[in-house]
Amino acid sequence: MKKIILIISLVLGTISQAKTMIDSAYIPQEYFSTIDFDEDCDACGCAAGNGSSGFESLLNPQFIGIKYFAQHYKAKENLFVKDLTQDQYFNTLQLWGKIPLTKKLSVYASLPFHFHEKKTMQGDIKINGIGDLNVMGIYKLLVSKDNFHQLSGGLGIKVPLGKFDEKGASGVNPSFQLGTGSWDYQAALNYKFQKNKVAVLINTDYTVKTENKKHYRFGNQWNYAATGFYQIAGNEKTIFSAKAGLQGEVYDQNKQFNEALPNTSGSALYGKLGFEASYKKFSLGSEIMLPAYTNLAGGDIEAKSRFSIFLNIGI
């Protein structure tokens, strides 16, 4: 608890010292943010990776806010059952923010609270608690003179605050956890094209995961996404934009005592549809994702759906 209080104090201190880079009179060319990195849920649930429902509000590039993210999977009940009969629900409520430090450099941070559930023949199993803290530095690498093109990169770290259950890692879905128990590292790259009412974001990131104290290591993960945005309506105070795109995830095998574990690698591709709306400094957004392709844990897990909603305040 002392560690959590210290980290939150440091984040709040950074916010209070950061200079405001935008004001309440938003300029249309600035509505679309420069990064669309991912948060701390992977292709088989939460806590085991840094995967994928989007990084931030596109209408408030610098913000603090709260986000809810839900995932649904079907999994095998046990090794002796062929059908995918077990429903698994991963739910995350997180505080997040993107704070400007200079004109080109920002810091992103998120602190999740997980409440997960899986329904088994022996009864429902539930876990809940704080997850792993994510912190990332984001730097604008290139901005074209006409401001249509922008390239940004980021480096980040995940602090293992969430509890890792070694017994839970032996189940069909090892990602049914509150945290990885390990210090993990992320590199990300984002390209944005924006002209008038249209924007396109293409981003990719890679997460290197390390071995935890229980000698368990979740597989490294690669995420990629392409998202298109169109401003449907707007004026000086209010903007409404629709978005649609594709998002994919690929992750390596997990290891224990440096031995690769079977049926722990996989990949998935999602189609997504959503919206974002802003009023002055407030922005609201939501997104639904459905799998176009799923090959998780050797077929033992099937992705069903994802849903997210957030409320942010521009700073």
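If you're wondering where the values come from, they're calculated on a predicted model, not measured in any experiment. Only heavy atoms go into these numbers, but all of them, side chains included; no hydrogens, no water, no symmetry mates.
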| task | Assign the ring pair His149 / Phe193 to parallel, tilted or perpendicular, where the plane angle (0 to 90°) is split at 30° and 60°. | result |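 The rings of His149 and Phe193 sit tilted, inter-plane angle from 30° to 60°.
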Rounded to the nearest 0.5 Å, how far does [atom2] of [Y] lie from [atom1] of [X]?
{"X": "Ile130", "Y": "His114", "atom1": "CD1", "atom2": "NE2", "answer": "9.0 Å"}
{"X": "Asn134", "Y": "Asp132", "atom1": "CG", "atom2": "CG", "answer": "7.0 Å"}
{"X": "Leu105", "Y": "Ile138", "atom1": "CG", "atom2": "CD1", "answer": "9.0 Å"}
{"X": "Asn196", "Y": "Phe148", "atom1": "CG", "atom2": "CZ", "answer": "6.5 Å"}
{"X": "Ile127", "Y": "Leu178", "atom1": "CD1", "atom2": "CG", "answer": "4.5 Å"}
{"X": "Leu290", "Y": "His72", "atom1": "CG", "atom2": "NE2", "answer": "12.0 Å"}

| query | So Leu189 and Leu151, side chain to side chain contact (heavy atoms under 4.5 Å, CB included) or not? Walk me through it. | reply | CA-CA 8 Å; Leu189 193 66; Leu151 183 67; 4.1 Å; yes
If every non-hydrogen atom of [X] is compared with every non-hydrogen atom of [Y], which pair is closest and at what distance?
{"X": "Ala225", "Y": "Lys272", "value": "CB-NZ, 4.3 Å"}
{"X": "Leu111", "Y": "Gly131", "value": "CD1-O, 4.5 Å"}
{"X": "Ser110", "Y": "Pro112", "value": "O-CD, 3.9 Å"}
{"X": "Phe164", "Y": "Ala169", "value": "CZ-CB, 3.9 Å"}
{"X": "Phe240", "Y": "Ala277", "value": "CD1-CB, 3.8 Å"}
{"X": "Thr227", "Y": "Lys243", "value": "CG2-CB, 4.1 Å"}

Are [Y] and [X] linked, directly or through intermediate hydrophobic residues, by side-chain heavy-atom contacts shorter than 4.5 Å (ILVMFWY only)?
{"X": "Tyr89", "Y": "Val172", "answer": "no"}
{"X": "Ile232", "Y": "Leu273", "answer": "no"}
{"X": "Phe113", "Y": "Ile66", "answer": "yes"}
{"X": "Tyr108", "Y": "Leu155", "answer": "no"}
{"X": "Val250", "Y": "Leu269", "answer": "yes"}

Which residues satisfy the side-chain contact (heavy atoms from CB on, under 4.5 Å) test with [X], sequence neighbours excluded?
{"X": "Tyr185", "value": "Ile157, Trp183, Thr210"}
{"X": "Thr294", "value": "Leu296, Glu302, Ala303"}
{"X": "Gln86", "value": "Ala75, Glu77, Gln88, Lys118, Thr120"}
{"X": "His215", "value": "Glu211, Phe257"}

| field | Asp300 and Lys76 ion-paired at < 4.0 Å | value | yes
| task | Evaluate the side chain to side chain donor-acceptor pair (under 3.5 Å) criterion for residues Lys209 and Thr180: first the C-alpha distance (whole Å), next the side-chain angles of each, then the deciding distance (0.1 Å), finally the verdict. | result | CA-CA 9 Å; Lys209 303 170 189 177; Thr180 62; over 6 Å; no
| query | Excluding sequence neighbours, so at least two apart, what forms salt bridge (charged side-chain N to carboxylate O under 4.0 Å, His left out) with Glu117? | reply |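 Here the qualifying residues are Lys119.
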| note | Taken in chain and number order and not counting sequence neighbours, the residues that satisfy salt bridge (charged side-chain N to carboxylate O under 4.0 Å, His left out) with Lys255 are none
Heavy-atom side-chain proximity of [X] to [Y] below 4.5 angstrom:
{"X": "Asp165", "Y": "Gln177", "answer": "yes"}
{"X": "Leu93", "Y": "Phe115", "answer": "yes"}
{"X": "Ile313", "Y": "Phe63", "answer": "no"}
{"X": "Arg217", "Y": "Asn220", "answer": "yes"}
{"X": "Tyr216", "Y": "Ser182", "answer": "no"}
{"X": "Asp184", "Y": "Pro160", "answer": "no"}
{"X": "Ser283", "Y": "Glu276", "answer": "no"}
{"X": "Asn263", "Y": "Ile301", "answer": "no"}

| task | Starting from the C-alpha separation in whole Å, work towards a yes-or-no answer on side chain to side chain donor-acceptor pair (under 3.5 Å) for Gln256 and Asn254. | result | CA-CA 7 Å; Gln256 191 166 28; Asn254 299 347; over 6 Å; no
Can you tell me if [X] uses its side chain to pair, donor with acceptor, with the backbone of [Y] under 3.5 Å?
{"X": "Thr204", "Y": "Asn223", "result": "yes"}
{"X": "Ser170", "Y": "Lys167", "result": "yes"}
{"X": "Ser286", "Y": "Ser308", "result": "yes"}

| Can you tell me if NZ on Lys163 sees more than 12 non-hydrogen neighbours from other groups inside 6.0 Å? | no
| query | Under 6.0 Å between the ring centres of Phe176 and Phe90? | reply | yes
| Partner of Gln71 under side-chain hydrogen bond (donor to acceptor under 3.5 Å, both in side chains), chosen from Lys304, Arg306, His116 |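 The single option meeting the side-chain hydrogen bond (donor to acceptor under 3.5 Å, both in side chains) with Gln71 is Arg306.
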| query | Taking atom types as modelled and ignoring hydrogens, do the side chains of Asp83 and Thr85 form a donor-acceptor contact shorter than 3.5 angstrom? | reply | no
| task | Evaluate the side chain to side chain donor-acceptor pair (under 3.5 Å) criterion for residues Trp96 and Asn312: first the C-alpha distance (whole Å), next the side-chain angles of each, then the deciding distance (0.1 Å), finally the verdict. | result | CA-CA 9 Å; Trp96 65 343; Asn312 292 338; 2.9 Å; yes
